[in-house]
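Right, one structure below, let's go through it.
Chain identifiers are assigned alphabetically (A, B, ...) following the order of the sequence lines, protein sequences preceding nucleic acid strands; residue numbering begins at 1 within each chain. Owing to the predicted nature of the structure, the values given are computational and were not obtained by experimental measurement.
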Amino acid sequence: MHNIKDIRSDISSFKDGLKKRFIDVDFEKILLLDENNRKFIQEKENLEKEKKEISKSKDKSLFEKSKEISKKIEEISSSQSKIKNELDNILASLPNLPYNDVPIGKDENSNIEILKSGKIPNFTFKPKSHYELGENLNMLDFDLATKTTGSRFVFVKDKLALLERAISNFMLDTHINLNGYKEISPPLIATDSTMFGTGQLPKFDNDQFELKLDDSNDRKFLIPTAEVILTNMVKDQIINKEILPIRMVASTPCFRKEAGSYGKDTKGMIRQHQFYKVEMVSIVEPNQCLAELDRMTNCATKILDLLKLPYRKIILCSGDMGFSAEKTFDIEVWLPSENKYREISSCSSCGSFQARRMKARYKNSKKETVFVGTLNGSGLAVGRTIVAILENYQQEDGSILIPEALKPYMNNIDKINKI
RNA sequence: GGAGAGAUGGCAGAGUGGUUGAAUGCACCGGUCUUGAAAACCGGCAAAGGGGCAACUCUUUCCUGAGUUCGAAUCUCAGUCUCUCCGCCA
C-alpha cells in the first residue's frame, strides 16, 4: 500500500511507476478524494476542539450547544469516512512500484535471463514427462485424486512420497544450517486482515480458498503460500532494530484456486490446487532490501546447485511481477520433457509495501519509527522439484536416480525402481 | 461444550465519569560525575492523522464496534482474543 502523502508530494513517480505496470490509474480522482478528505478532517477537528472546550468548562449553559456540535460532527464524520473509504479502496488496489532497474515490459516475454547454470542432460532416448514416469512407477495417481477430491490434485505414493519428504527436509536443513534461516511451523489458515497485509486481498480474492465458517466475523483462508503467514508475524508491531534482519523458513502446503488458468498445465503436478513449498521470508531494514534479495536468491539457487539440476535465473519485467513486489528474480529449472525452463522459485523484494499494509515498523538508528522491508522467496517449490528430479534423473528403463544430496534423506537408496 | 477472570504505552503495571495521553517501575536516549566504565543523580522518551517553510500546534487513540453523557480508559450492549477450572477429543 502506498502512502497518500508520498503520492501527493511526488505524483509523477507514481504515474511513471504504475505506467510501467500498464495499469491505468485515475490520479485526478485520488487527489480530489484526498483533498476532500483533508477538508472534512479540518472541519471536524475544529468542531471537536470547540466541543472539548465546552466540556472542560463544565458550563451548563453551553451543554445544549455541545449537543448540536456533536450532531454536526457526526454528519461531517460520515461524509469524511465515506471519502476516506473510497480513497483507501483505490490505494489498497494499487500494486507496488517497480524498482528502477526492473526491465520494462508487458508480460513474460520481456523478462531477461541473467544467468544459466548446470548441465542440461543429454538423453540417448526420448525423455518422458514426470507424470508418465510417476504413473509408470505407480507412485503418482492423478485419477484417484480426481475421484476423491477433484482435478489438480494428486496422490503421491511410496518412494515418491518419501522423495517429497526428503526434498522438503533437505531444503529446510540447508536453509537452517547453511543459510541462517530460522525454522517455523506456522498455521496454514490466515484471517482476511493477514491476507490483506501481504497483498492477496482485496484484489485476489478469487484465487484463494476461503473456509466456510458460521461463527466469527473474520473471513478465513487457506494460505496460498507461507509468505502470507510468515511475513505477517511482524504485523502491528514496532520491532527492535537489533533483531533485524529476521530470516525465517517454513515448509508448508499451499492452496491455490488457479482461477483463470484453465487449460494451462492441466496434466501433471506443475499446477496443482495443493502443493508443498519451502518458503523463505526476510524482514530487514528497508535500505537492505536489494542486498537481501540477492542473498535470498542465492540461497534458492544453492539448492539447485546441490541437487545438480540445471537452471537459469531471470529478472521479471515490470508487467510480469506480482502485486506486492518491487523487484523479482525467478529461478527456472530445466524440464527435459518440455525442452524448456519452468519456474521453480520466485524471490521478491516488496520494499515497505507490505509493511505499510501490515503496520510493521521498527525504530531506525535515528530513532524514527519507520516501516520495515519484507522479502519472500521459494526455496523451493517442492512439487516442482519432484518434477524436475523425475525428469532430469530418469533412466531409459523408467527408474529414477537419487541426487547425491538427497540420499541421506532417502535411507541411502540410489534409485527408485518400479514396484 | 459449561463456569469464572481479564485485555492499558517497547515491556511490567496503576488507574472505576471531569485538564488522564494516562501514575510507578524496567528498558531505551541525553547529561552530570569518572582516566574509562558501572553505580548514583538530573532530564527526555507512544502512535496515527490534520495545519504550518519552520519553531510548533490541533485532533484522535487505553482490544474492536455500537450506545449512555456536556464529558468515558472508567458506565451499558455486542463481538474478538487470552488465561484459569470442569468436561470432551487428536
Side-chain angles (χ1 to χ4, degrees), chain A residues 1-10 30-92 185-197 201 210-221 229 232-246 253 283 285-286 352-372:
Chain A
M1 184 121 140
H2 299 297
N3 187 345
I4 183 67
K5 273 186 189 167
D6 296 341
I7 297 179
R8 203 188 296 148
S9 66
D10 185 13
I30 292 177
L31 290 181
L32 185 69
L33 287 170
D34 175 45
E35 204 177 300
N36 285 330
N37 179 44
R38 286 186 292 152
K39 198 185 79 196
F40 279 127
I41 287 174
Q42 284 173 46
E43 284 178 30
K44 191 172 79 169
E45 287 187 352
N46 287 336
L47 290 171
E48 275 165 347
K49 192 180 175 196
E50 202 177 332
K51 192 177 150 183
K52 208 172 179 179
E53 270 155 15
I54 292 175
S55 116
K56 262 186 200 169
S57 75
K58 300 183 200 173
D59 180 347
K60 282 188 181 169
S61 66
L62 293 171
F63 286 180
E64 271 310 307
K65 190 178 175 198
S66 177
K67 277 188 183 179
E68 281 167 33
I69 293 174
S70 292
K71 269 181 210 156
K72 259 192 236 165
I73 290 178
E74 220 167 290
E75 284 167 29
I76 293 172
S77 270
S78 85
S79 312
Q80 187 255 332
S81 61
K82 248 184 235 164
I83 286 177
K84 181 74 175 23
N85 254 329
E86 199 179 344
L87 181 61
D88 282 345
N89 286 340
I90 295 175
L91 293 180
S185 174
L188 305 179
I189 292 173
T191 61
D192 47 358
S193 87
T194 299
M195 296 284 277
F196 178 87
L201 292 182
E210 182 169 2
L211 300 176
K212 196 168 181 177
L213 303 165
D214 26 35
D215 42 5
S216 172
N217 295 326
D218 291 340
R219 299 170 69 196
K220 293 213 161 70
F221 299 84
I229 201 93
N232 273 282
M233 285 171 73
V234 295
K235 132 189 215 211
D236 288 321
Q237 280 194 66
I238 300 175
I239 52 184
N240 253 324
K241 182 175 180 288
E242 286 69 45
I243 64 170
L244 297 177
I246 303 173
I283 313 293
E285 297 196 61
S352 292
F353 184 83
Q354 293 180 323
R356 267 192 295 274
R357 296 171 84 95
M358 295 188 298
K359 299 195 170 53
R361 292 157 295 175
Y362 80 109
K363 296 249 191 220
N364 67 13
S365 43
K366 288 185 215 151
K367 304 274 172 306
E368 300 159 328
T369 306
V370 293
F371 292 106
V372 298

*Heavy atoms under 4.0 Å, any strand shown: does A:Lys60 hit a base, just sugar-phosphate, or nothing?*
nothing
*Over how many whole Å does the gap from A:Lys58 atom NZ to B:G71 atom P extend?*
14 Å
*What are the two closest heavy atoms between A:Phe371 and A:Lys359, and how far apart are they?*
CE2-CA, 4.1 Å
*Per the atom types in the model, does the base of B:G49 pair as donor or acceptor with the side chain of A:Glu45 at under 3.5 Å?*
yes
*For the pair made of CD1 in A:Ile243 and P in B:C11, what is the distance, rounded to whole Å?*
12 Å
*Hunt down the Watson-Crick or G-U wobble partner of B:A14, both distances under 3.5 Å, from any strand shown, or write none.*
none
*At under 4.0 Å between heavy atoms, what does A:Lys49 touch on the DNA or RNA strands: base, sugar-phosphate, or nothing?*
sugar-phosphate
*First encountered from the 5' end of RNA chain B, between A:Glu64 and A:Glu48*: A:Glu48
*asked:* I'd like to know if A:Lys65 pairs up with A:Glu50 as an ion pair, taking the criterion as any Lys NZ or Arg NE/NH1/NH2 lying under 4.0 Å from an Asp or Glu carboxylate oxygen.
replied: yes
_Identity of whatever pairs with B:U20 - Watson-Crick or G-U, under 3.5 angstrom_ = none
_Close side-chain approach of A:Val370 and A:Arg361, heavy atoms under 4.5 Å_ = no
*Examine the side chains of A:Thr191 and A:Thr194 and answer whether a donor and an acceptor come within less than 3.5 Å of each other.*
yes
*Do A:Asn37 and A:Gln80 have side-chain N/O donor and acceptor atoms under 3.5 Å apart?*
yes
*Report the residue (A:Lys44 or A:Lys56) whose heavy-atom-nearest nucleotide on RNA chain B is the more 5′ of the two.*
A:Lys56
*If we call it a pair only when both distances are under 3.5 Å in a Watson-Crick or G-U wobble match, what pairs with B:A72?*
none
*Value in whole Å for how far the P atom of B:G49 lies from CG of A:Asp88*: 11 Å
*Which is true for A:Lys84 with a 4.0 Å heavy-atom rule: it touches a base, it touches only sugar-phosphate, or it touches nothing?*
nothing
*Nearest-angstrom distance from the residue atom CD1 of A:Ile76 to C1' of B:U59*: 13 Å
*Using a cut-off of 4.0 Å on non-hydrogen atoms, how would the nucleic acid contact of A:Arg8 be classed: base, sugar-phosphate, or nothing?*
sugar-phosphate
*Could you write nucleotides 61-67 of chain B as a row of B, S and -, 5' to 3', where a protein heavy atom under 4.0 Å of any base atom gives B, of only sugar-phosphate atoms gives S, and otherwise -?*
-------
*Can you check whether A:Ser55 has a side-chain N or O nearer than 4.0 Å to OP1 or OP2 of B:G18?*
no
*Find the distance A:Lys51:NZ to B:U69:P and express it as a whole number of Å.*
11 Å
*Just checking A:Lys363: base, sugar-phosphate only, or nothing, at a heavy-atom cut-off of under 4.0 Å?*
sugar-phosphate
*Under 3.5 Å on both distances, the Watson-Crick or G-U partner of B:U34*: none
*Whole-angstrom distance between B:G6 and B:U16, as gauged at atom P*: 14 Å
*Expressed in angstrom and rounded to an integer, what is the separation of A:Asn37 atom CG from B:G51 atom C1'?*
14 Å
_Distance between P atoms of B:A7 and B:A73 (Å, rounded)_ = 15 Å
*asked:* For B:U60 and A:Lys52 - does any side-chain N or O of the residue sit under 4.0 Å from the phosphate oxygens OP1/OP2?
replied: yes
*Return the value, rounded to whole Å, for the distance between atom CD of A:Gln80 and atom P of B:U60.*
13 Å
*Could you tell me whether A:Lys84 atom NZ has more than 12 heavy atoms of other residues or ligands within 6.0 Å of it?*
no
*Which one is paired to B:C77, where only Watson-Crick or G-U wobble pairs with both distances under 3.5 angstrom count?*
B:G65
*Is a side-chain N or O of A:Ser66 found less than 3.5 angstrom from the main chain of A:Leu62, in a donor-acceptor match?*
no
*Counting side-chain heavy atoms from C-beta on, which of B:G49, B:C70, B:A47 comes nearest to A:Ile238?*
B:A47
*Whom does B:U82 pair with, Watson-Crick or G-U wobble, provided both distances fall under 3.5 Å?*
B:A5
*asked:* When you measure from the side-chain N and O atoms of A:Arg361 to the phosphate of B:A47, is any distance below 4.0 Å, counting only OP1 and OP2?
replied: no
*asked:* Rounding to an integer number of Å, can you tell me how far A:Asn46 CG sits from B:G50 C1'?
replied: 10 Å
*Any A:Lys67 side-chain heavy atom under 4.5 Å of A:Glu64 side chain*: yes
*Using the C1' atom on both, measure B:U19 against B:C58 and round to a whole Å.*
16 Å
*asked:* Looking at B:G43, which nucleotide sits across from it as a Watson-Crick or G-U wobble partner, both distances under 3.5 angstrom, or is there none?
replied: B:C29
*Remember a base hit wins even if backbone is also touched, and classify A:Ser57 as base, sugar-phosphate or nothing at under 4.0 Å, heavy atoms.*
nothing
_Salt bridge A:Glu210-A:Lys220, side-chain N to carboxylate O under 4.0 Å_ = no
*Are side-chain heavy atoms of A:Thr369 and A:Asn364 found at a separation under 4.5 Å?*
no
